[in-house]
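Numbered from 1 within each chain, the chains take letters A, B, ... in sequence-line order.
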Amino acid sequence: MAASMRLLFRRGIRLSHRNVNVTAAGAPGQPAGCWEPPSCRCFSEAAGDRSTHFGFETVPETEKAKRVYKVFENVAQKYDTMNDAMSLGVHRLWKDTLLHVMHPQPGVRLLDVAGGTGDISLRFLEYVCFQQERRKRRAARSMQAPSWQDISNNYSTEEEEDGPQESRAVVCDINKEMLRVGKQKADGLGISAGLSWVVGDAEELPFDDDQFDIYTIAFGIRNVTHIDQALQEALRVLKPGGRFMCLEFSKVTNPVLARLYDAYSFQMIPVLGEVIAGDWKSYQYLVESIRKFPDQEDFKGMIEDAGFYSVKYYNLTGGVVALHSGFKL
Amino acid sequence: MWLSFSRSVQRLIQPQYVLLSKVCVHKVHSSRTRFTDGCYDGLYPGHIHTTPIQKALLAVGSGVAALQNPYRHDMVAVLGETTGHLALINLREKMRNDPEGYTILTERPRIRLSTLNLSEMSSLPDGSFGREYCRFLEDNHVTPDSRADVKYVDNEELAYVMQRYREVHDLLHTLLGMPTNMLGEVAVKWFEAAQTGLPMCTLGAVLGPLRLNPSRLQQLFTSLGPWALHNGRRARCVLSIFYERRWEQNIEDLRQELNIEPPPVILSATKK
């Protein structure tokens, strides 16, 4: 009863105002009484009055999405090369850590939002494939001396077993250029089964409710204009029991490391952008947008506000990157 | 001691010029500033503030990138901008001391397709500067709009001098009679190195010959090279000429006025 009340309530809100920020009902037993009216910023339909940050610049909200689109359209070709150059290859370790914490099993469905060039999805498919192989090997080892009954059972189950195809990864990105580059990469690696490429906006995903087991967004959520909306969409498309995972640049806690990191970010990264990709301003935006993103605790609060439970974060590389994780119950 | 060290580090990291007011102008020519529609941050459209550390890193990085891939004209441009401060000041002084050059500094003409009338120029008589320039553009399949905008020079007038240097490069090819193949480019670089003293030109002049085959190398060192250097030193400052008003002038007259001898070898515009 409580669950259906919550569902009706959520549908009603979505039909009327998309921007309403609802604090999650505390205990499942009292759904109707616990929500507080949100701050009325959504009711002014003159969206042009509202402004947001674009790096250190202030721009109208309507313009931010366009400018972010242009940034990623410009950097798409050299995106992976630049990632390697800027992080000295460490971004691969961060993404591998995400996969290890995720520990996906064969058969899960992943939605990789702002997936762009497909790094997370490709790693996911590889991981799941590996898990599949492990299972097969374990099964084989435990069947060293099969009986006739076991062998005949094996014949019937072999057709049903299609692990890698069962696990599906959907890469969703608002930017067609990034998806194009990602698709090229996947085709080059010969991976096409179980992988789809969809153009979509994180604030308004083109998927039905309760579709995915895992939702990831790696280094993308700071580019979204309304982060709370993206979080709500994440909640919507996840199945109950589904996991939300977010990799994002965050605040470095150690002051010495923080100063070094700042100096490196502002001095080195735009220069690398100019030399390797021929684009200073996009990478200037990148480092500025990192500074404008909320820190670990604030973001954890935002995820909890959206309705996720058991939210926790892991600091990687001293806080340069934080991995936030939450569950939909 | 620690305090003075940290202060000097701070100064290196803080940008030198902090123009906080945004300037809004009507954009007459399209430029590559994708992030501005009429308003720009900085001393001129396309200007990006850089600290001395960033300039040093850019100089090294662009040098390496340009050496690895000489077709990256934007890297050559960045190298020129980050290393050419003293040479640009020198050039500006030369322009100021020349009456025609002074006119250019005040009027700020730009050479691009939108300001040139190519059809009119190609109908000029053969042997005129405009006609030869059009012929050069056609033979070598180049356009005057392929020059990158200046970004890293922290002085508005010097940025214009740099831009003028870039735009005059093609005209220099015409004046010297050099095509845009490797040998022609190296010859022009030698001339420019002797004329302007820009470190980027000197670097190009020194490293360019490394990519030439032996016969061309011989041509360079025996006839073209000495001719280019000699003329570069004795010619009038090529940036000080108001080319836009001299399209009808006979090219030989123009060469004499600038003190440039005609090339010792006629090179054809062959593909590289």
Which atoms of A:I276 approach chain B - backbone, side chain, both or neither, heavy atom under 4.5 Å |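 The answer is the backbone of A:I276.
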Rounded to the nearest 0.5 Å, what separation is found between the NE2 atom of B:H49 and the CD atom of A:Q284?
->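 That separation rounds to 10.5 Å.
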Can you see which heavy atom on B:Q54 is nearest to which on A:P270, and at what distance?
-> NE2-CG, 4.5 Å
For the residue pair B:A65 and A:V275, what are the closest heavy atoms and their distance?
->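 Where B:A65 meets A:V275 most closely, the heavy atoms are CB-CG1, 4.0 Å.
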By ring pair (Phe, Tyr, Trp, His ring centres under 6.0 Å), which residues pair with A:F72, not counting sequence neighbours?
->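 Partners of A:F72 under the ring pair (Phe, Tyr, Trp, His ring centres under 6.0 Å) test: none.
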Is it the case that more than 12 heavy atoms not belonging to B:H85 sit under 6.0 Å from its NE2 atom?
-> no
Count the heavy atoms of every other residue, nucleotide or ligand shown that sit under 6.0 Å from NZ of A:K185, and state whether that count exceeds 12.
-> yes
Who are the side chain to side chain contact (heavy atoms under 4.5 Å, CB included) partners of A:S250, not counting sequence neighbours?
->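 Partners of A:S250 under the side chain to side chain contact (heavy atoms under 4.5 Å, CB included) test: A:Q296, A:A322.
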Measure the shortest side-chain to side-chain distance between B:K151 and A:E274 over non-hydrogen atoms and say whether it is less than 4.5 angstrom.
->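 They are in side-chain contact.
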Test item: A:F266 and B:T51 side chains (from C-beta on) under 4.5 Å apart, heavy atoms =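 The answer is no; the side chains never approach within 4.5 Å.
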For B:L57, is it the side chain, the backbone, both or neither that has a heavy atom under 4.5 Å from a heavy atom of chain A?
-> both
